[in-house]
Number of protein chains: 2
Amino acid sequence: MNPGTVEKFLKLIGDSSRLKILSSIGAGEKTVSEIIGETGLPQTLVSFHLKILRDREVVVASRKGGPFVHYRLRDPSILNLLHACDAYAGKFDGSGEEAREFEWPPWKMMCRMMRRGDQ
Amino acid sequence: MNPGTVEKFLKLIGDSSRLKILSSIGAGEKTVSEIIGETGLPQTLVSFHLKILRDREVVVASRKGGPFVHYRLRDPSILNLLHACDAYAGKFDGSGEEAREFEWPPWKMMCRMMRRGDQ
DNA sequence: TCCTTATATGAGCCATAACTAATATTAACG
DNA sequence: CGTTAATATTAGTTATGGCTCATATAAGGA
């Protein structure tokens, strides 16, 4: 486990404006205006964050006619990570008891599970 | 997905000094001196971070004779999350291609898997 | 070419939090 | 009680990065 690598990654996504943007884009595709409308964040702030997310390959941009730029998540499953963190942290910050029921699975087990399409 | 909740959680663990501390403690238990020795971080910095981690219930402290305080992770499986992030981000920052093979499993699937002790 | 809409970018400001230095507290022993 | 080792705490400093303002750029239509 490389603390620097993990820190870099968690800081990349661990900002509420960015989380709003990622969540807004979701599994589909959205223009900047749509993201702005949905998040309520200022235009320049959205563009600012999108640039970083784009440079770091979390999102992918494409132009499709007009001045519109569409953004999609390069790996939509990252939303699952965010949801898991939300669920974990939500309980985690609370009683600190219910979170005991959940354990983060080992990486290899996550790999196997998604490869098998476990039902 | 509450951006504020997730942000708070990711910022809590998304610091390289803290990651080093969590990794040092591991699945066992360690004194502050041991953590200092293993991480190479200054004593006051370790104590500073441990206080926050303690207050936020990521670690649990106990005294066992002498001036020694032992720390353990309240939920050691969080190390699995860190390892997964490491693996994901490591590939992620690289070619951006190999990470495609891995998808973060949905929360419910993670719950089921750990409940079944899937092999 | 000019205008409009959509979006991007850069510089500077400001908020946050990690870190350090100094010191306080805890536990145990002589 | 004084001393030592281990650890915690506090105030101030510093580094980081989010955010804002002003403006630049891209695309398309008249």
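So you know, we letter chains A, B, ... as the sequences are listed, proteins then strands, and number each from 1.
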Proximity to the side chain of B:F48 - top-ranked nucleotide from D:dA27, C:dA18, D:dA8: C:dA18
Parallel, tilted or perpendicular: ring planes of A:W107 versus B:F102, cut at 30 and 60 degrees: tilted
Whole-Å distance separating the CD1 atom of A:I21 from the C1' atom of C:dA8: 14 Å
Minimum-distance nucleotide (side-chain atoms of B:S47 versus D:dG18, D:dA26, D:dA8): D:dA8
Phosphate OP1/OP2 of C:dA8: any A:R54 side-chain N/O under 4.0 Å: yes
Spacing of A:L53 atom CG relative to C:dT9 atom P, expressed in whole Å: 13 Å
Of the listed nucleotides C:dC19, D:dA8, C:dT7, the one nearest the side chain of A:V69: C:dT7
Any residue of residues 26-37 of chain A with a heavy atom less than 4.0 Å from an atom of DNA chain C: A:T31, A:V32, A:S33
salt_bridge(A:K20, B:E7) N-O dist < 4.0 Å: no
Gap between atoms NZ and C1', on B:K51 and C:dA18 respectively (whole Å): 16 Å
Selected nucleotide, minimal atom distance to B:P42 side chain, candidates C:dA18, C:dT20, C:dT7: C:dT20
Value in whole Å for how far the C1' atom of C:dT7 lies from CG of A:L45: 14 Å
B:L41 CG to D:dA8 P, straight-line distance once rounded to whole Å: 14 Å
Residue whose closest nucleotide on DNA chain D lies nearer the 5' end, A:P67 versus A:I52: A:I52
Of the listed nucleotides D:dG18, D:dT7, C:dT7, the one nearest the side chain of B:F68: D:dT7
Listed nucleotide nearest any side-chain atom of A:K11, set D:dA26, D:dG18, D:dG17: D:dG17
Below 4.0 Å: OP1/OP2 of C:dC19 and any side-chain N or O of B:H49: yes
Presence of A:Y71 side-chain N/O under 4.0 Å of C:dA6 phosphate oxygens OP1/OP2: no
Nearest to side-chain heavy atoms of B:T44, which nucleotide of D:dA27, C:dA8, C:dA22: C:dA22
A:R63 side chain near D:dA26 phosphate (N/O to OP1/OP2, under 4.0 Å): no
Interatomic distance, B:K64 NZ vs C:dA28 P [rounded to whole Å]: 14 Å
